[in-house]
Every structure is written in structure tokens, then in C-alpha cells.
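In this chain, residues are counted from 1 in sequence order. Both ligands and their constituent atoms are indexed starting at 1 by order of listing.
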Amino acid sequence: LRNLGEYIPVDRTIIITDSNVRSYYADDFPNDQVIEIGMGEEIKSLDTVKNIYDALLDREADRSTFLVGIGGGIVCDITGFVASTYLRGVKFGFVASTLLSQVDASVGGKNGVNHGGYKNMVGVFNQPEFVICDTDLLATLPKREILSGFAEVIKHATIGDAALFSYLEDHYEEAITLKSQVIQRLVHDSVRLKSEIVNRDEREREERMKLNFGHTLGHAIEMTNAVSHGEAVSVGMAFASALSERRGYISPGEAMRVENLIRNLGLPTMLPMDWERVLKAIKRDKKRRGGIIHFVFLLAVGVAVVRDIPIEELMNDFHGLDKLINLRPNRAGESLWEVR
Ligand SMILES: NC(=O)c1ccc[n+]([C@@H]2O[C@H](COP(=O)([O-])OP(=O)(O)OC[C@H]3O[C@@H](n4cnc5c(N)ncnc54)[C@H](O)[C@@H]3O)[C@@H](O)[C@H]2O)c1
């Protein structure tokens, strides 16, 4: 963050950030041209976008203005959308300040906001000039937010990087204590994997769908139960692994490796929840696509495949799957978090 001035035209740059990030890091911002937004998913709306357009007009921002989003996925998503549409597009960059935004949200060129009760309903594909992932900023990030980032790191390793997966199995304790060297490797390898996938399939025609591993169920859980994104996706990944095992794509041992890694990092593989509502939410969401789900299965740790399956078939598959998942509590990850 302190080197940001080297990447931008400082005198023509306007910073977009949220009040939280500003309160921690304003002293390190390259100038005091700051548009501040609030926090939470509700802020990721067209109303906020409109307020930012107004603030840009007030400051007489023109085509030479450079926008920098400093914050988590919400700030980055909004900044990218505003920059892509204001005056038909001005240049922009991100300083990703949450683990989730460093390993996931800031990479890939999707910029958008929520609308009409749907997530990311309005948006564009557009790439920033740069993304800075300053892992020092994670020192102030709450545990819940770190966990959301870990869930996406596990996802990346599981779908496409067996070496990263093994590294995580060996270094999860240091990851939890945010050991710099370990976190930098996780961020670096996640960014590399996601950017390789996006380079091959920017518009999500096929391969990019692998990034939805654990998210079909995860999104439905998040929508219908009071759990965080990271927790919901973790349960979704455990189920997708178990389903891959049940279909004979992977061995029970491989599915167990995924479950153990999730638990070791302090995330759940199962939660008490209203399954009826979860399954209804999947049905409701996917009906729009003709009753077919693009579901991400594992062929091995580090190898994923997308298969189209009818929604009813998936519902049958889910039945009793929780019994297949190993429910032995593994408190290693949790106790390590207490130490941290
Ligand atoms: N564009 C994409 O490809 C993509 C991919 C994944 C997720 N997303 C989006 O990202 C959003 C979630 O992002 P997120 O998890 O970063 O959430 P977030 O942006 O809401 O940040 C989480 C919280 O952490 C605070 N925070 C940020 N940096 C901090 C720091 N360094 N120290 C202390 N607190 C800090 C924020 O103020 C906020 O309260 C969702 O809206 C999701 O849809 C987008």
C-alpha cells in the first residue's frame, strides 16, 4: 500500500474505500482524494454507484482520472463497476485488503453490484491496470474474514493445484497464525491459478465454472441460514467431494483429505441447518436455467470437472450424503485459532 504512488498518477487519482479500511490505513493512502462508502452487502448497490458518480462529478473527474479501490471484495467490485461505466470507462486499479479479495475477488475482471435481491446482477467484465495484494494489511482483519479467504484458497488448491493442497496440509498451523511466508505463497498460488483459468475462459463458458466448486450448495446455504460465506462454501465443498466419492470419481481417502483440510483450517464440513430450505433455494435458483445444473465434481485432489446434471438427480444424490461425510469433530484448527 505504501508503494501505491509508484503505480498511479497520484495527482489525478481518486480513492474509493470503506470507512473501516480508511480508519485503519488512511495514513498510508497516497493522497487525500477519498470517496468513502459504508460496509456490508447492502452497500453493493446501484444507489452506492450513483452516489459515487455524483461525488466524481463534484470533483470534476474526467477521462484522465484514475480510480483506485482500497478494500475488500465489496470495494473492489464497486470501484471496478464505477470505473468501467463513468464516462464510458476510466482507468482503475485495486489494493485488495482482505484475504478473500486477494485470493479471489480482485482477480478475474468481474465487476458488479447486487440488484433486486440477486447478487452481482448488474456488472461488466473489465480488467484493472493492476491489483496489489499487500499481505501486511491482513494483520487487522477479523478471524471471520480470514476464514472466508481460506475457504477460497482450499477451493483453488482442490480444483487445480495438488502441490498447493499438500503445502496447505503441511502448513495449516502457520497459515492460521498468518505467517508471512506461508500467506504469501497461498495468495501467490491462488492468484496464479485463478488468472490461468480466467485467461483460458474469461467469459465463463466452461473452464471458469470450475471456480464454482462448493458454491452451488454454498450459495443456497448462505441464502437460507445465518452463516458466513466461508462456512457455507466449506460445507458445499465437503458435500461436493462426498458426492464425487459416491459417484466413484474419487476414492474415499481423497474426499477425506478435503474434509480434513477444511477442518484443520478451522472451517466446518457440516452445520446444523434447514436442509429443506437449502434444497428449495437450489431449485429456485437453477430453474431459470432449464433445470440443469453445472455441478463441479472432483476427479482427484487438484483435478475438477464440470458435469451437467438434472436438478432432480442432484436432489436424489444429496439424500443421505451427510452420513457419508465424516462427522468426527477435529478441533485442531479451532484450538489453533484460540492461540492466535
Ligand atoms: N469479482 C469477483 O470475481 C468476486 C469474487 C469473489 C467475491 N466477490 C465479492 O466480494 C465480496 C466479499 O468480499 P470480502 O470478503 O473482501 O468482504 P468485504 O469487502 O465486505 O470486507 C469484509 C470486511 O473487512 C473489512 N476490512 C477490509 N480490509 C480490512 C483490513 N485490512 N483490516 C480490517 N478490516 C478490513 C471491511 O471493512 C469489511 O467490513 C462479495 O460481495 C462478493 O460477491 C467478488
Looking only at protein heavy atoms, which one is nearest to atom 25 (C) of ligand 1, and how far off is it? Asn20 ND2, 3.8 Å
Do Glu222 and His215 meet the criterion of a side-chain donor-acceptor pair at a distance under 3.5 Å? no
Regarding ligand 1, does Gly73 bring an N or O atom to under 3.5 Å of one of the ligand's N or O atoms? yes
Check whether any heavy atom of Arg144 sits under 4.0 Å from an atom of ligand 1. no
Side-chain donor or acceptor of Asn31 paired with backbone N/O of Thr13 under 3.5 Å: yes
Does one hydrophobic cluster hold both Met209 and Val198, with members joined at side-chain heavy-atom distances below 4.5 Å? no
Looking only at atom types and distance, does a side-chain atom of Glu254 sit under 3.5 Å from a main-chain N or O of Val301, one as donor and one as acceptor? yes
Quick one: nearest non-hydrogen protein atom to atom 3 (O) of ligand 1, plus distance? Lys194 NZ, 3.6 Å
With a 4.0 Å heavy-atom cut-off (strictly under), which part of Thr140 contacts ligand 1: side chain, backbone, both or neither? both
Should the heavy atoms of other residues, nucleotides or ligands under 6.0 Å from CZ of Arg144 be counted, would the total exceed 12? no
Can you tell which part of Asn111 has a heavy atom less than 4.0 Å from ligand 1: side chain, backbone, both or neither? neither
Can you tell me which portion of Gln102 lies within the under-4.0 Å heavy-atom range of ligand 1? Options are side chain, backbone, both, or neither. neither
For Thr98, is at least one N or O under 3.5 Å away from an N or O on ligand 1? yes
Hydrophobic clustering (ILVMFWY, side-chain heavy atoms < 4.5 Å, transitive) - are Ile74 and Leu137 grouped together? no
Among Ile74, Leu138, Ile70, the residue with a heavy atom nearest to atom 20 (O) of ligand 1 is Ile74
Can you tell me if Tyr167 has over 12 outside heavy atoms packed within less than 6.0 Å of its OH? yes
Looking at ligand 1, does any of its N/O atoms fall within less than 3.5 Å of an N/O of Asp104? no
Shortest protein heavy-atom distance from atom 40 (C) of ligand 1, along with the residue and atom involved: Glu41 OE2, 3.1 Å
Atom 37 (O) of ligand 1: which protein heavy atom is closest, and how many Å away? Asp18 OD2, 2.7 Å
Looking at Glu206, I want to see if its CD is surrounded by more than 12 non-hydrogen atoms of other residues, nucleotides or ligands under 6.0 Å. no
With backbone taken as N, CA, C and O and side chain as the heavy atoms from C-beta onward, which portion of Glu152 lies under 4.0 Å from ligand 1: side chain, backbone, both, or neither? neither
Relative to atom 31 (N) of ligand 1, which among Leu211, Leu141, Thr135, Leu137 owns the nearest non-hydrogen atom? Leu137
Out of Pro142, Ala105, Ala139, Gly230, whose heavy atom sits nearest atom 7 (C) of ligand 1? Ala105
Looking at Asp201 and Arg205, does any basic side-chain N land under 4.0 Å from a carboxylate oxygen? no
Residue selection (non-hydrogen contact nearest atom 15 (O) of ligand 1) among Val21, Leu100, Ile78: Leu100
In terms of residue, atom name and distance, what is the protein heavy atom nearest to atom 28 (N) of ligand 1? Ser97 OG, 2.7 Å
For the pair Ser190 (side chain) and Val187 (backbone), establish whether a donor and an acceptor sit closer than 3.5 Å, ignoring hydrogens and angles. no
What I want to check is whether the side chains of His171 and Gln181 have a donor and an acceptor closer together than 3.5 Å. no
Quick check: does Tyr24 get an N/O under 3.5 Å from an N/O on ligand 1? no
Distance-only N or O hit between ligand 1 and Val75, under 3.5 Å: no
May I ask you to check whether Thr140 and Tyr25 show a side-chain donor-acceptor distance below 3.5 Å? yes
With heavy atoms under 4.0 Å as the rule, classify the contact between Lys119 and ligand 1 as side chain, backbone, both or neither. side chain
